[in-house]
**Q** 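Let me give you the structure first, and then I'll get to my questions.
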Amino acid sequence: MDEQIPELATPYRFEKSDSTASVRERFGDIETATMTDQRVNVAGRVMLLRVQGKVAFAELRDETGAVQLFARPNDLNSFERFCNLSLGDWIGVSGLVGKTRRGELSIFIDDLKVLAIARRGFGDKWHGITDVDTRYRQRYVDLWTSPTSRNILSTRFKVTSLIRRFLEDRGFVEVETPILHPLAGGALARPFKTHHNALDMDLFLRIAPELYLKRLIVGGFEKVFEIGRVFRNEGISPRHNPEFTMLELYEAYADYQDIMLLTETLISDIVVAIHGSTKISYQGEQLDFSVPWERSTLEELASTSTGLEISLDTPMEVLKSYADQFGISSEPGWGPGKLVLEIYEKTTESKLWNPTFVTDFPTEVSPLSRDHRTKPSRVERFEAIVAGRELANAFSELVDPDEQRARFKHQVELGRQGDDEAMSMDEDYLRALEYGMPPTGGLGIGIDRLIMLLCDTSQIREVIAFPVMREEQR
RNA sequence: GCGCCUCUAGCUCAACGGCAGAGCAACGGACUCUUAAUCCGCAGGUUCUGGGUUCGAAUCCCAGGGGGCGCACCA
């Protein structure tokens with residue numbers, strides 16, 4: 001079936017019996033300088049080749065690892081071809097497993113099929129490619145030449161799978177909501193704009209799935225989540241890619257305290273699944289994800305950190321003078337809530353190392369969160385801060401359409417004053433709330449940031465297979 | 001968007017005002033148990049681009065482009 005008659009033709013399929021890892025697992029223990037009678041078929045890329053006259057060695061690498069191939073002209077008719085392989089060629093081989101005199105587990109091959117040739121070289125076999133630009137543009141090479149790149153991405157893909165399993169085990173349903181939005185709502189950010197020709201209508205790439213997920217709650221789905229790409233038209237930096245992945249989930253009948261429990265359990269479970277412990281090292285320091293995480297209000301944390309009394313009840317003039325003191329240039333529309341938030345972000349957030357729930361944000365800066373049940377001017381909202389950065393944002397959802405309308409109005413006013421990240425009035429969302437939304441807790445987690453923590457990298461582009469790059473100059 | 005750094009062979013890097021080089025890869029050859037195999041040979045360049053200074057520029061200066069880092073914005 002898969003005979004190779006024409007010289008340049010390569011087969012359409014190859015029947016693998018083993019991965020390199022399963023060869024290692026099955027035969028790793030055999031004695032040095034012995035042969036088994038066990039035949040294996042493996043496939044992958046030739047990453048090293050050592051031809052030594054009448055005997056040749058190659059390192060065959062696949063998704064799971066690598067194994068040595070051993071070839072001799074007596075055993076292998078196409079020995080000549082084997083010796084002429086290029087680094088990077090894809091081959092499928094068959095042979096008996098044994099160990100060489102030096103104790104290296106090897107496949108003593110008697111059949112070779114060239115599955116694909118590498119017309120381009122793989123770079124320095126020791127250094128691989130280190131040019132960062134080339135690495136990201138040509139990930140397909142980078143994944144073969146830098147093991148950490150492969151590990152990071154494979155961790156990433158594993159984590160999203162773990163999240164799905166965790167949430168599905170708890171009765172959450174994975175849903176999909178629109179990416180093309182007539183209004184870019186659900187977060188404070190500048191959107192990408194696009195256009196639908198047939199409808200002659202401007203659309204925005206979503207900056208958050210939030211408002212549609214909550215419409216699903218109104219529609220009767222009680223526990224929903226979406227892991228999806230969101231798009232924000234902002235600068236690119238080591239921590240920002242214009243498209244990134246968010247997990248958002250909404251649970252009817254839950255409040256932000258319930259969501260806090262869910263969040264710390266979810267994250268610490270993932271940390272344990274990946275690292276085998278709740279304690280991991282990040283950028284040279286230890287992070288401890290063991291539950292329960294610290295819980296403190298934003299005002300308490302800001303006050304402790306600055307040694308000043310920072311609260312919504314602090315007189316405006318005093319807050320403004322503190323802001324000045326910390327180099328924050330306050331703007332006309334800012335009330336006490338915005339000032340307190342800015343002071344907290346400037347002075348406190350980056351100092352919070354171990355996972356901390358920062359709670360009870362000012363209503364003024366939380367247009368979609370429900371008023372705190374006992375504290376006026378505050379909402380039932382928390383952010384989870386890890387290693388000085390926001391990992392999660394969550395709240396008891398605002399379900400009152402009148403209050404939501406008032407919050408949107410305030411946003412529209414901010415927009416009029418020049419805040420180009422302010423939200424718009426979303427009449428359809430308000431209509432949904434008017435039909436009645438049950439008490440609901442919601443959560444958003446930046447998946448890329450989570451992977452950065454798990455993989456001990458400070459570069460968001462390391463955790464994205466194909467980060468946004470400027471157009472390549474040719 | 002602003003500041004600083006950087007760009008040399010396919011890859012990793014030298015040369016830092018005086019003839020552009022090495023290792024790996026490629027190509028030709030030797031080699032029957034290697035481990036980044038080794039050895040011999042051969043080839044490889046608009047030194048990111050364009051100006052300028054200089055007897056002479058990869059090197060110094062200016063402008064542009066790519067990339068990195070920091071700041072700002074944000075998740």
**Q** Would you list the pairs meeting side chain to side chain donor-acceptor pair (under 3.5 Å) in which at least one residue belongs to residues 126-135 of chain A, sequence neighbours left out?
**A** A/D124-A/H127, A/D131-A/T134, A/D133-A/R137, A/R135-A/D142, A/R135-A/S149, A/R135-A/E462
**Q** Taking all atoms of both residues into account, what is the closest heavy-atom pair of A/A422 and A/Q411, and its distance?
**A** CB-O, 3.3 Å
**Q** Between A/R102 and B/rU35, is there a side-chain N or O to OP1/OP2 distance below 4.0 Å?
**A** yes
**Q** What's the closest nucleotide to the side chain of A/R137 if the choices are B/rG67, B/rC73, B/rU12?
**A** B/rG67
**Q** Phosphate oxygens OP1/OP2 of B/rU34: is one of them under 4.0 Å from a side-chain N or O of A/T100?
**A** no
**Q** Mind listing the N/O atom pairs, protein and nucleotides 24-28 of chain B, below 3.5 Å?
**A**
unit_1 : atom_1 : unit_2 : atom_2 : d
B/rA25 : OP1    : A/K125 : NZ     : 2.8

**Q** Using 0.5 Å steps for rounding, measure from the CG atom of A/L96 to the OG atom of A/S106.
**A** 12.0 Å
**Q** Give the rounded distance in Å between these two atoms: NZ of A/K99 and P of B/rU34.
**A** 16 Å
**Q** Which value, in whole Å, describes the distance between the C1' atoms of nucleotides B/rG21 and B/rA63?
**A** 30 Å
**Q** Please give the nucleotide sitting opposite B/rG23 as a Watson-Crick or G-U wobble pair, both distances under 3.5 Å, or none.
**A** B/rC11
**Q** Looking at A/Q283, I want to see if its CD is surrounded by more than 12 non-hydrogen atoms of other residues, nucleotides or ligands under 6.0 Å.
**A** yes
**Q** Sort out the partner of B/rA63 for me: Watson-Crick or G-U wobble, both distances under 3.5 Å, none otherwise.
**A** B/rU49
**Q** Should the heavy atoms of other residues, nucleotides or ligands under 6.0 Å from CD of A/E80 be counted, would the total exceed 12?
**A** no
**Q** Side-chain N or O of A/Q52 versus OP1/OP2 of B/rC39: is the shortest distance under 4.0 Å?
**A** no
**Q** Using atom CD1 of A/I328 as one end and atom C1' of B/rA72 as the other, report the distance to the nearest whole Å.
**A** 14 Å
**Q** Can A/R61 and A/T20 be counted as having a side-chain donor-acceptor contact under 3.5 angstrom?
**A** no
**Q** If I take atom CD in residue A/E104 and atom P in nucleotide B/rU35, what distance separates them, rounded to the nearest angstrom?
**A** 11 Å
**Q** Under 4.0 Å from any atom of RNA chain B, heavy atoms only: list the residues of residues 62-76 of chain A that qualify, in numerical order.
**A** A/Q68, A/F70, A/R72
**Q** Looking only at the side chains, is there a donor atom on one of A/Q257 and A/R295 sitting less than 3.5 Å from an acceptor on the other?
**A** no
**Q** How far, in whole Å, is B/rC69 from B/rG29 if one measures between their P atoms?
**A** 46 Å
**Q** Is the distance from OP1 or OP2 of B/rC33 to the nearest side-chain N or O of A/R50 less than 4.0 Å?
**A** no
**Q** For nucleotides B/rA57 and B/rU47, find the distance between their C1' atoms and express it as a whole number of Å.
**A** 11 Å
**Q** Between A/R102, A/E59, A/R50, A/E104, which is the residue that forms a side-chain hydrogen bond (donor to acceptor under 3.5 Å, both in side chains) with A/Q68?
**A** A/R50
**Q** Whole Å only: how far is the CD1 atom of A/I129 from the C1' atom of B/rC13?
**A** 15 Å
